[in-house]
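Throughout, a chain's letter reflects where its sequence line sits, starting with A, and its residues are numbered from 1.
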Amino acid sequence: MEPVKKRFWLLDVNYEVKDHSPEIWLWGIDEENKRILIIDRSFVTYFYLVLNEDEKPETVLERVVERKSEFHYITRFEPLKRNLFGKSLDVIRVYCLDPDLIPKYSKALSKVNGVRKCLEDDIRYSMRYLIDNGMTPCGWHEVQVEVEEESKSSRIQIDKVYSAKSVPRRIEREETHPLRVLGFSIICYSQKGAPKPERNPIIILSVATNSGEEKEFLSENYDDKGLIESFIELVKSFDPDVVIGYGTNRQDWQYLLNRSRSLGINLYVDRARTEPHTSVYGHVSITGRANIDLLDFADEFPDIKVKTLENMADYLGVIKLEKRTIIEDVEFPEYWDDPNKRPILLKFAKENTRCIMGIFEALGDFAAQLSQLVGLPLDQIGRAAVGFRVEWYLTRNAYKMGELVPERTERPYIPYVGGEVLAPKPGIHENVAVLDFKSMYPNIMIEQNISPDTYISPSEPTPQSGVNLAPEVKHRFRKEPPGFYNIVLSNLIAAREDIRRRLRNLDPKGIECRVLDARQKAIKVITNASYGYAGWIGARWYIKPVAEATTAWGRSIIRNTIETAKNNGLDVIYGDTDSVFITYDQEKVEEFSKIIEKKIGLEIKPDKIYSCILFTEAKKRYCGLLPNGQMDIVGLEVVRGDWAEVAKDVQEQVLELILKERSPSKAVKFVHKFILNLRERRIPYRDLIIWKTLTKPAEGYAVKAPHVEAAKLLRKEGWDLTVGDKIGYVIVTGSGRLYERAKPYFLASYNEVDVEYYVTNQVIPASLRILSLFNIKEEDLLPPKSSATLFDFMNKD
DNA sequence: GCAGCCCTATTACCT
DNA sequence: ACAGGTAATAGGGCTGCG
């Protein structure tokens, strides 16, 4: 049979090894909108032996070739030149048929005389395949294929199985067929504490598809066997490309798997008759489909303080919080068992799934673009930490440039100096412009050619091309040739600029615009994380002077900028790392920008202009009023997630009265009234909840703290808590330390709450933060005792 | 026993 | 499991106090 040309969009990749022969499985969608599997048996993987500098490559080659018989699945040794941190090295590339034997082989071969170490022996086979062939998940490719014999196709749920007869090649093509997306959420039944799959059933499994189907499977008399079977059946018949949920990696899939196991069901929801399994970065993999946990993308939105499904949906404009039916976990049994309330629980479950579908609509393009840019499969990209995303992007580029990927090593943490922060001038300032340097750190790295491979250690002689010498820290970087980071960052910045240019001429509502906008966002995320990556001790390409020199240049630039502003008659009010806050005078500011760009070589632009701005004495905390009347609150309690809503609301009102009405007295009166309301418990209970993250196991704390004690109470009630969970608690009346009076909010009632704590420790400090600028004292904020309240007070005894 | 002081642990923010 | 710089609170140890 003649091979035919096949074009396909790559959804997922996995590999299998049978009798030491590996197969790459490429799951894709072809031009006819068919789901296809292409099996490639031709790719031989490899790793490198790095040789000692005093050794001749031929000698070491002889030594390893001599021992080849010990390594049955090694096919070839290939001497090559490669770069490591910019230095040319002699290496031997060791080709190995069975990827699973590489750890064993590399360990043995690293002990051969003349071999310094092995490199790239820790790159997964499937990633090696994609990188070496220039392939990207969520991108189009072209390959010669033959139809695979029928025997295999029976096990695989797919339109057609092919075997690759050529190396797949990436092709440029933007449009995609619409993916089939299935979203689901579950509700479990537990009378007390967290549901346990060994004993508590799933009572509702709610499913939706992007073809508009919605289904709710219910348990019958707390028996969820039929529910799970119906779910499996639906997945099979709809045959989704993408499966989505919220918290599914850690929760739902584990629960479903454990329930299935105890009920004797095989949870076959993939395309190859295997069960979901946990894999790299802790993502749950469903062979042939992309399983996406939208919770993994919540980190992209720091404005969402408590990362619940409803908060994320609210933030992304899927469904407003006020319109949602919210039922706490503790209430599930009550709602399920009461026939009058059950419909509300069903509605809640359905809304959860709708939120999931809506969030994916808002984020799916971004996820796919990030996956394509970084090169990690769609089901892994969300789960991979920022550092690993950057690292995979670098790894791909290193391959193209003949740079070896360094090994991951443990290093001691030694801090270095970061950005410069100015003490602000306290008070209210009129007409203030904020100018900031665009992508300051990446641009410094480019401008000064800062990179792991351009760094010249103190022991090395100055290269002929000369060096850039960092201020203060005196690290040196060769001027020529352009470094690894220089090239990679220049490409990223140029690509983003290009996209933004194209976007200007497109219909903002069009599909092309959505995809391009998602792509430029993905590029921005990787670009912005590059400096942090460079300073991360866990980074493969970590060289401390790289990060240290970048911030040193940054400090020098901002100081220079401040000096220049002053010399040009501009008053500098504040500055942080890459920004300066100056008095706004259009002509002077324009002139100033030009001078700076000329002097420093980096672009500086007015980001915002405030009609007025308020600073206390603290750095990193201010509130500016934009010309449209909108308030921009930075760093203050209002934007913090660990203050009760009461404190945040009052502070925001105070700021408004101060900045818009310029009336401290109105602000004081407002606080008085608020405190009276609070004491009367006329403020919603949920506004009293304080949320704090559990950052270590409850026992690991050196001191007792309210949220930790609240967490212990939760655990006693049977709730599982893990590091990273947010604990919502309230302070109740009683004696002793605060931590003795903290209670999880859903285990306490409003009449137990110590409202005086909220007056003294929440509302007053948050208000005073602003009002002390106007000489207002704590006493001034407590409501004056009117005769009525005094009377009430005396009557109480 | 507790107010006052100082230091430390902890969290969440800014760029 | 991307960086350092910063503010703020509560805990906890200590001193001094009839």
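In this structure, the ring of A/W541 has its center less than 6.0 angstrom from the ring center of A/F484. In summary, the aromatic rings of A/F388 and A/W536 are positioned with their centroids under 6.0 Å apart. Between A/Y455 and A/F85, the distance from one ring center to the other does not fall under 6.0 angstrom.
At the heavy-atom level, A/G532 lies under 4.0 Å from base atoms of the strands shown. Within 4.0 Å of A/G641, counting heavy atoms only, lie sugar-phosphate atoms of the nucleic acid but no base atom. Across all strands shown, A/R389 has no heavy atoms under 4.0 Å from either base or sugar-phosphate atoms. A/V390 comes within 4.0 angstrom of no nucleic acid atom, judged by non-hydrogen atoms across all strands. Contact annotation for A/F437: no contact, since no heavy-atom pair falls under 4.0 Å across all strands. A/W541 comes within contact range of no nucleotide atom at all, as no heavy-atom separation falls under 4.0 Å. Base contact: A/F388 has a heavy atom under 4.0 Å from a base atom.
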Table of protein N/O atoms under 3.5 Å from nucleotides 1-3 of chain B N/O atoms:
none

What's touching nucleotides 9-11 of chain B from the protein side, N or O pairs under 3.5 Å?
{"unit_1": "B/dT10", "atom_1": "OP1", "unit_2": "A/K696", "atom_2": "NZ", "d": "3.3"}
{"unit_1": "B/dT10", "atom_1": "OP1", "unit_2": "A/A702", "atom_2": "N", "d": "3.0"}
{"unit_1": "B/dT10", "atom_1": "OP2", "unit_2": "A/K696", "atom_2": "NZ", "d": "2.9"}
{"unit_1": "B/dT11", "atom_1": "OP1", "unit_2": "A/T693", "atom_2": "O", "d": "3.3"}
{"unit_1": "B/dT11", "atom_1": "OP1", "unit_2": "A/T695", "atom_2": "OG1", "d": "3.4"}
{"unit_1": "B/dT11", "atom_1": "OP1", "unit_2": "A/Y701", "atom_2": "OH", "d": "2.6"}
{"unit_1": "B/dT11", "atom_1": "OP1", "unit_2": "A/H707", "atom_2": "NE2", "d": "2.8"}
{"unit_1": "B/dT11", "atom_1": "OP2", "unit_2": "A/T695", "atom_2": "OG1", "d": "2.3"}

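For the pair A/G419 and A/R621, nearest-nucleotide mapping onto DNA chain C gives the more 5' position to A/G419.
Residues A/I526 and A/L373 form a side-chain contact, since some pair of their non-hydrogen atoms from C-beta on lies under 4.5 Å apart.
One atom, OH of A/Y622, and another, P of B/dC13, lie 15 Å apart when rounded to the nearest Å. What separates OH of A/Y531 from P of B/dC14 is a distance of 18 Å, to the nearest Å.
More than 12 heavy atoms of other residues, nucleotides or ligands sit less than 6.0 Å from atom CD of A/E752. For A/R555, the CZ atom sits in a packed shell: over 12 heavy atoms of surrounding residues, nucleotides or ligands are nearer than 6.0 Å. Heavy atoms of other residues, nucleotides or ligands lying less than 6.0 angstrom from CZ of A/R408 number more than 12. Atom NZ of A/K524 has 12 or fewer heavy atoms from other residues, nucleotides or ligands within 6.0 Å. Within a 6.0 Å radius of NZ in A/K605, other residues, nucleotides and ligands contribute 12 heavy atoms or fewer.
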Let's go through A/H283 and A/D379 carefully: what are the C-alpha distance in whole Å and the side-chain angles of both, what is the deciding distance for side-chain hydrogen bond (donor to acceptor under 3.5 Å, both in side chains) to 0.1 Å, and is it a yes or a no? CA-CA 7 Å; A/H283 86 284; A/D379 58 349; 3.3 Å; yes
Given A/L492 and A/R496, is the side chain to side chain contact (heavy atoms under 4.5 Å, CB included) satisfied, shown in steps? CA-CA 6 Å; A/L492 283 171; A/R496 179 151 183 255; over 6 Å; no
For the pair A/D571 and A/K566, evaluate salt bridge (charged side-chain N to carboxylate O under 4.0 Å, His left out) and give the outcome as yes or no after the intermediate values. CA-CA 6 Å; A/D571 201 12; A/K566 285 179 183 164; over 6 Å; no
Show your reasoning for whether side chain to side chain contact (heavy atoms under 4.5 Å, CB included) applies to A/Q762 and A/W643. CA-CA 7 Å; A/Q762 294 277 329; A/W643 282 74; 3.3 Å; yes
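Contacts between residues 546-563 of chain A and DNA chain C, defined by a heavy-atom separation below 4.0 Å, involve no residue at all. Contact check of residues 731-739 of chain A against DNA chain C (heavy atom, cut-off under 4.0 Å) returns A/R737, A/L738, A/Y739. Contact check of residues 755-768 of chain A against DNA chain C (heavy atom, cut-off under 4.0 Å) returns A/Y757, A/N761, A/P765.
No side-chain N or O of A/S579 forms a donor-acceptor pair with one of A/D576 less than 3.5 Å apart. Judged purely by distance below 3.5 Å, without hydrogens or angles, the side chains of A/Y701 and A/T695 pair a donor atom with an acceptor atom. Inspection of the A/T722 and A/R250 side chains reveals an N or O donor paired with an N or O acceptor under 3.5 Å. With hydrogens and angles left out, the side-chain atoms of A/N449 and A/N486 include a donor and acceptor closer than 3.5 Å.
Cation-pi geometry between A/K544 and A/Y416 is not satisfied (NZ or CZ under 6.0 Å from the ring centre, within 45° of the ring normal).
When A/L570, A/I609, A/V589 are each tested for a side chain to side chain contact (heavy atoms under 4.5 Å, CB included) with A/L435, only one passes: A/V589.
If you walk DNA chain C from 5' to 3' and mark each nucleotide with an atom closer than 4.0 Å to a heavy atom of chain A, the marks span C/dA1 to C/dG12.
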